[in-house]
Every structure is written in C-alpha cells, then in structure tokens.
Asks: 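Following this message is one structure expressed as structure tokens.
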Protein chains: 2
Amino acid sequence: MAVPGPDGRRARGDRRRRAILEATLRVVERDGVAGVSHRSVAREADVPPTSTTYYYATLDDLLIATLTWSADQMASSFRKVSLTPVAVARFIADAVGEHRGRTLAEYELYLLAARRPELRPAARRWISLMTEVIGPWDPVALRSLLAAVDGLLIQGLIADFPPMAEELEPVVSLLMLGG
Amino acid sequence: MAVPGPDGRRARGDRRRRAILEATLRVVERDGVAGVSHRSVAREADVPPTSTTYYYATLDDLLIATLTWSADQMASSFRKVSLTPVAVARFIADAVGEHRGRTLAEYELYLLAARRPELRPAARRWISLMTEVIGPWDPVALRSLLAAVDGLLIQGLIADFPPMAEELEPVVSLLMLGG
DNA sequence: CAACAACTTGAACGTCTGTTCCACTAGTCT
DNA sequence: AGACTAGTGGAACAGACGTTCAAGTTGTTG
C-alpha cells in the first residue's frame with residue numbers, strides 16, 4: 001500500500017493506547033479516580049510506567065482521554081434502550097446493580113468535569129444523545145426526566161441495596177407518561 | 001464545678017477540631033477530595049501536620065467527619081426553604097451558582113459514600129430530611145422530585161453557565177405540581 | 001503539691017508519586 | 001542500504017505523602 005500505508009508500529013501503538021485506557025477505567029472502577037496514577041495504570045495494563053507517560057504525558061491527559069472514550073461507549077450502549085418506562089427502569093437497575101462499578105466510575109469522571117471545563121462536552125454527551133434520540137418531547141418534561149434519571153442513578157449508588165427495576169418503574173412511568 | 005466540669009483543654013481541643021473540619025471543607029471546595037491530605041489540611045488550618053493526625057488518626061476519619069458535619073449543615077440550611085416551586089428553583093440556582101464550590105464539595109463527598117458504606121447515612125441525610133419535611137406526599141411523586149433535584153444540581157455543576165432560577169422553575173413546577 | 005491527662009510539636013521513617021533522561025529495538029521511507 | 005522515527009523500558013530525580021515517635025507543655029484532678 002502506498003499513500004497513508006498501514007504502519008505496524010502505529011497499529012501496535014494504538015492497541016497499547018487502548019489497553020492503557022481500558023486499564024485506567026478498570027482502576028477507576030476498582031479504586032476510584034484517587035487510585036489512578038501513571039504507575040498504578042501501568043501495573044494494571046502490565047506495561048512499564050514510562051509507557052503510560054509516553055502515550056499520555058500527564059495524568060490529566062490520561063483522565064480526560066478515559067472519560068471521553070468511556071462516555072462514547074456508554075452513549076452507544078444507550079442507543080439500544082427502547083424508550084418505554086419498563087426498559088428505562090431496567091436500564092437504571094442494571095446500571096446501579098450489575099454494572100455498579102462502571103456506573104460509579106462514570107460518575108466520578110462526570111464530577112471531575114465540573115472542575116475541568118475541557119471534559120464537559122464528553123460528560124454531557126449522554127444528555128445530548130438522549131435529547132436527540134427521544135425526539136419531539138416537551139422540553140420541560142424532557143429536562144425533568146433526564147435530571148431524574150441522573151438522580152436515580154446517583155441515589156442508587158449510595159443505597160445499601162441497589163433498587164430493583166420493579167420499584168423504579170412507577171417513578172420512571174410518572175416521569176415519562178406524566179402520571 | 002465538680003461532676004463533668006468545664007475543661008479548658010477540651011474546649012480548645014474542640015475548637016481546633018472544628019477548625020480542622022472547616023479547613024478540610026475549604027480544601028475540598030478548592031482542590032477536590034483529591035487535594036485532601038493531612039498536610040494540606042494542616043497548612044489550610046495553620047496547624048502542624050501532627051495536629052490533624054492527632055484529631056483524625058487516618059485520612060478516612062477526616063473525610064468521614066467532614067462529610068457528616070457538612071451534611072448536617074446543609075440539611076439545616078435546607079429546612080429554611082419553603083416548599084414552593086419558585087423557592088426550590090431559587091435554591092437550586094443558588095447551589096450551582098453562588099454556592100457552587102460548596103455544592104461541588106458536597107457531591108464529591110456524596111460520591112465518596114458510594115465507596116464507603118459508613119458514610120452513607122450522612123450522605124442520605126438530606127434525602128430523609130426532605131422526605132420528613134415534605135410530609136404526606138405520594139411516595140412516587142416524592143421520589144421523582146428528589147431524584148430530579150439531585151440531577152438538576154449535578155447537571156448544573158457541569159454546565160458552562162449555571163442555570164438561572166427562571167429556567168429551572170418550570171421544571172420544578174412540573175415535578176411538584178404534576179403539570 | 002504531686003499525679004495525671006489532654007494536647008502540642010519537630011523530626012524522622014519508608015513509600016509512592018510525576019516526570020525526565022537516555023540508551024535501545026524495530027518498523028518505515030527514500 | 002541508510003536515514004529516520006515510533007515505540008520501549010530501566011534508572012533515577014526530587015518532592016509529597018501517611019503515619020509514628022518521643023519529648024515537650026499546660027490545664028485538671030485528688
């Protein structure tokens with residue numbers, strides 16, 4: 001091949017880049033943002049510490065890249081949720097149950113966006129996605145639904161026992177159908 | 001005085017304890033939970049580092065005490081809000097505007113509760129308080145309101161420009177009065 | 001006054017951190 | 001083939017960290 005050409009080095013580099021990102025996300029899930037360091041991520045990804053600094057010069061770069069990538073992932077998984085109260089309730093229950101660690105990670109990075117303007121667009125991605133997906137709703141109703149979903153998620157994270165879809169469903173119903 | 005007796009030492013100790021707590025909250029507001037260390041708090045409170053470890057042996061003790069105390073404060077400030085859509089909208093707008101730093105601190109500590117069960121009761125305090133204050137509401141409507149307020153707060157924190165009370169008011173209205 | 005307890009503080013320990021430097025290998029391009 | 005460049009990784013730097021220790025002070029109690 002000629003013009004851009006497949007580059008073996010670059011390909012492997014990209015693979016390692018992604019491995020580092022995935023490792024970072026695992027660290028955040030396990031130990032929180034506080035547990036993220038060049039070295040802890042390097043250990044998790046089983047690469048030398050210099051490798052993490054090579055691809056992400058500063059810790060900020062690493063966290064920003066992780067949030068952006070992670071938000072993209074979550075957004076695309078969101079597209080598959082059908083817009084019925086039952087499905088949305090199920091989604092929330094799974095997020096704070098089965099996928100608790102991942103949701104927690106998401107919210108820690110989310111909150112990080114409050115302090116770093118540059119990652120706010122990524123943090124807001126799922127909001128704008130849902131806005132787009134949900135289509136022609138009353139803006140006020142939409143906003144209250146999005147806010148409530150956020151609240152249900154975060155409250156589900158600090159509950160001793162994560163709520164089940166069945167108890168979430170009436171709340172989501174009220175918000176989506178207006179009583 | 002005889003039996004329990006006022007103790008000058010203890011009184012000064014309590015004052016310093018509180019000073020350390022206040023300093024911790026300021027550090028969280030300024031630099032986030034990540035910025036909290038025995039030493040940074042000691043600098044902020046203008047006491048030697050050994051003093052912060054004397055009163056709060058581990059960093060966890062310090063953070064737990066700070067969240068508990070801070071949640072108590074926020075809860076009592078909450079009692080003064082009258083339960084009308086306008087007042088609640090105003091409260092939210094102030095929380096993410098004028099008192100942004102404090103609200104941000106609150107949420108960082110809040111999220112910390114997701115990882116440390118022992119501070120969940122403190123984190124949930126404002127929820128149970130509002131539940132008690134608001135009185136005989138439909139549980140489903142109440143839950144959706146509380147969730148939405150949480151969501152509006154957190155979304156207000158990652159907005160480029162904090163929302164104003166006027167734009168919040170219709171949303172709160174819908175939630176409180178049901179459209 | 002003596003015994004005690006609450007508190008104070010400087011110094012020090014070992015550990016982990018972000019980051020830099022440099023020597024090196026191995027794909028890519030002309 | 002030779003020049004170049006992306007990637008690799010060991011070693012080391014100074015700085016911050018949590019926590020402990022031991023020696024002090026000061027207020028309280030019998």
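Within every chain, numbering begins at 1; the chains are lettered A, B, ... in the order of the sequence lines, protein sequences first and strands thereafter.
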Asks: Within this structure, what is the CG-to-P distance between B:Asp14 and D:dG27, rounded to whole angstrom?
Replies: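 After rounding, the gap between these two atoms is 16 Å.
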
Asks: Which of residues 27-38 of chain B have a heavy atom under 4.0 Å from DNA chain D?
Replies: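 Result for residues 27-38 of chain B: B:Ser37, B:His38, sorted by number.
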
Asks: Does the B:Arg124 side chain pair with the main chain of A:Ile158, one donor and one acceptor, at a distance under 3.5 Å?
Replies: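 Yes, because the side chain of B:Arg124 sits within donor-acceptor range (under 3.5 Å) of the backbone of A:Ile158.
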
Asks: Regarding B:Ser40 and B:Ser37, is there a side-chain donor-to-acceptor distance under 3.5 Å anywhere?
Replies: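 Per modelled atom types, B:Ser40 and B:Ser37 side chains form a pair under 3.5 Å.
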
Asks: Under 4.0 Å between any heavy atoms, over every strand shown, what does B:Tyr54 touch: base, sugar-phosphate, or nothing? Just pick one.
Replies: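 Contact class for B:Tyr54: base.
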
Asks: Between B:Glu167 (side chain only) and B:Met164 (backbone N and O only), is there a donor and an acceptor less than 3.5 Å apart?
Replies: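 Flag set: sc B:Glu167 to bb B:Met164 pair under 3.5 Å.
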
Asks: Starting at atom OH of B:Tyr56, determine the distance to atom P of C:dT8, rounded to an integer number of angstrom.
Replies: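 The distance from OH of B:Tyr56 to P of C:dT8 comes to 12 Å, rounded to the nearest Å.
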
Asks: Using 0.5 Å steps for rounding, measure from the CG atom of B:Leu145 to the CE atom of B:Met176.
Replies: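 Rounded to the nearest 0.5 Å, the CG-CE separation comes out at 6.0 Å.
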
Asks: Any base atoms under 4.0 Å from B:Arg15, or only sugar-phosphate, or nothing? Heavy atoms, all strands.
Replies: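 The residue B:Arg15 makes no contact with any strand.
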
Asks: Do B:Asp61 and B:Tyr55 get their side chains close enough for a donor-acceptor pair, meaning under 3.5 Å?
Replies: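 No pair is found: no donor N or O on one side chain lies under 3.5 Å from an acceptor on the other.
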
Asks: Could you go step by step and tell me if A:Arg39 and A:Glu44 meet the salt bridge (Lys or Arg N to Asp or Glu O under 4.0 Å) rule?
Replies: CA-CA 9 Å; A:Arg39 290 170 141 97; A:Glu44 176 72 31; over 6 Å; no

Asks: How many Å lie between CZ on B:Arg17 and P on C:dT8, as a whole number?
Replies: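 Distance, rounded to whole Å: 10 Å.
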
Asks: Nearest whole angstrom, please: distance from the C1' of C:dT19 to the CG of A:Asp60.
Replies: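 Whole-Å distance recorded here is 14 Å.
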
Asks: Round to the nearest Å and state the distance from A:Leu62 atom CG to C:dT19 atom P.
Replies: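 Distance, rounded to whole Å: 10 Å.
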
Asks: Taking atom P of D:dT5 as reference, at what distance in whole Å does atom CZ of A:Arg12 sit?
Replies: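 These atoms are roughly 18 Å apart.
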
Asks: Atom NE2 of B:His38 and atom OG1 of B:Thr50: how far apart are they, to the nearest 0.5 Å?
Replies: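 Atom-to-atom, B:His38:NE2 and B:Thr50:OG1 are 10.5 Å apart.
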
Asks: Taking the side chain as every heavy atom from C-beta outward, state whether A:Val41 and A:Tyr56 have any pair of such atoms under 4.5 Å apart.
Replies: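 With C-beta onward as the side chain, the pair stays apart.
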
Asks: Can you measure B:Asp46 atom CG to C:dT9 atom P for me and round it to whole angstrom units?
Replies: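 Distance check: B:Asp46 CG to C:dT9 P gives 10 Å.
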
Asks: Just by distance, with hydrogens left out, do B:Ser70 and B:Arg102 show a side-chain donor and acceptor under 3.5 Å apart?
Replies: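 The criterion, which ignores hydrogens and geometry beyond distance, is satisfied for B:Arg102 and B:Ser70.
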
Asks: NA contact type, B:Tyr55, heavy-atom cut-off 4.0 Å: base, sugar-phosphate, or nothing?
Replies: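 Sugar-phosphate, no base atom in range.
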
Asks: Give every pair of a protein N or O atom and an N or O atom of nucleotides 9-14 of chain D that lie under 3.5 Å apart, one pair per line with the distance.
Replies:
from: D:dG9; atom 1: OP2; to: A:Arg16; atom 2: NH1; distance (Å): 3.1
from: D:dG9; atom 1: OP2; to: A:Arg16; atom 2: NH2; distance (Å): 3.0
from: D:dG9; atom 1: N7; to: A:Thr50; atom 2: OG1; distance (Å): 2.9
from: D:dA12; atom 1: N6; to: A:Arg39; atom 2: NH2; distance (Å): 3.3

